Every structure is written in C-alpha cells, then in structure tokens.
Amino acid sequence: HIFIEHEDGTIAFYGHLQQWGVAVHEGEAVDAGQYIAASGSSGVSIPLLHFGVFPEWPPVDGNDLAINFNNADGPLDSNNGLIAGESYLALPF
C-alpha cells in the first residue's frame with residue numbers, strides 16, 4: 001500500500017497493489033499523473049485498487065472523504081462522492 005500526503009494535508013491511500021509493484025519510496029515527492037504502482041490482487045482473488053482520501057494523518061477507517069473523479073460516470077452519493085460497491089465507467093479525458 002501507499003499513502004501520499006497532499007499539499008492541503010489530506011492523505012490518499014492506495015491498496016491491493018502488486019507485490020514488488022510499488023515504484024516510489026518513502027519520503028519521495030510525487031507529481032500528479034506520475035506512475036506510482038501497479039494495482040493487483042493482494043489479499044483478494046481479483047485485481048482491484050482500494051483508494052481513499054482521508055482528512056489528516058493518521059488515516060482512520062470510516063473517516064474517509066467523499067471523492068469523485070473528473071472522468072468517472074456512475075451514481076454519486078449526496079456529497080457527490082463515489083458509492084462503495086457501485087461500478088463506474090472511466091471516460092476519456
């Protein structure tokens with residue numbers, strides 16, 4: 001897994017990455033759009049990416065922020081965030 005701290009203090013979490021597939025190191029600065037890892041199926045039987053954004057460190061389960069992507073098409077919750085268990089189509093930029 002990877003945690004990335006943003007300039008506004010929020011923390012992004014990326015989980016279920018391929019074993020040996022992480023391309024960044026602790027303390028390294030990363031840029032938007034930079035390749036950071038290969039998603040995989042660690043801990044589960046199908047490939048997926050577990051992603052979340054938390055308001056501060058340390059991240060606490062259940063305290064994640066509602067998020068959306070500029071290129072995602074699908075149902076949104078009342079905060080315009082993605083809904084767990086729903087499917088989303090990635091649209092071209």
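Remember, it's a predicted structure, so these values are computed and weren't measured experimentally.
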For residues 48-67, run the donor-acceptor check on the side chains, cut-off 3.5 Å, and write out each pair with its distance to 0.1 Å, sequence neighbours left out.
none

- Message: How close do L17 and H1 get, counting heavy atoms only, and between which atoms?
- Response: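 What the structure gives for the nearest pair is CD1-CA, 3.9 Å.
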Minimal heavy-atom distance between S39 and Q18, with the atoms involved, is O-CG, 3.2 Å
Cluster link F13 to I2, ILVMFWY, side chain under 4.5 Å:
no
Grouping I, L, V, M, F, W and Y whenever their side-chain heavy atoms are under 4.5 Å apart, do L82 and Y14 come out in a common cluster?
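Yes, L82 connects to Y14 through the hydrophobic network.
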For the CD1 atom of I36 and the CD1 atom of I4, what is their distance to the nearest 0.5 Å?
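Between atom CD1 of I36 and atom CD1 of I4 there are 4.0 Å.
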Residue set satisfying side chain to side chain contact (heavy atoms under 4.5 Å, CB included) with I83, at least two apart, ordered chain then number -> P75, D77, E86, Y88
Exercise. Please identify each residue that fulfils side chain to side chain contact (heavy atoms under 4.5 Å, CB included) with Q19, with sequence neighbours left out.
Key: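 Per chain and number, Q19 pairs via side chain to side chain contact (heavy atoms under 4.5 Å, CB included) with no residue.
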Original post:
Under 3.5 Å, is there a donor-acceptor pair between the side chain of D8 and the main chain of T10?
Top reply: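 Side chain of D8 to backbone of T10: a pair is present.
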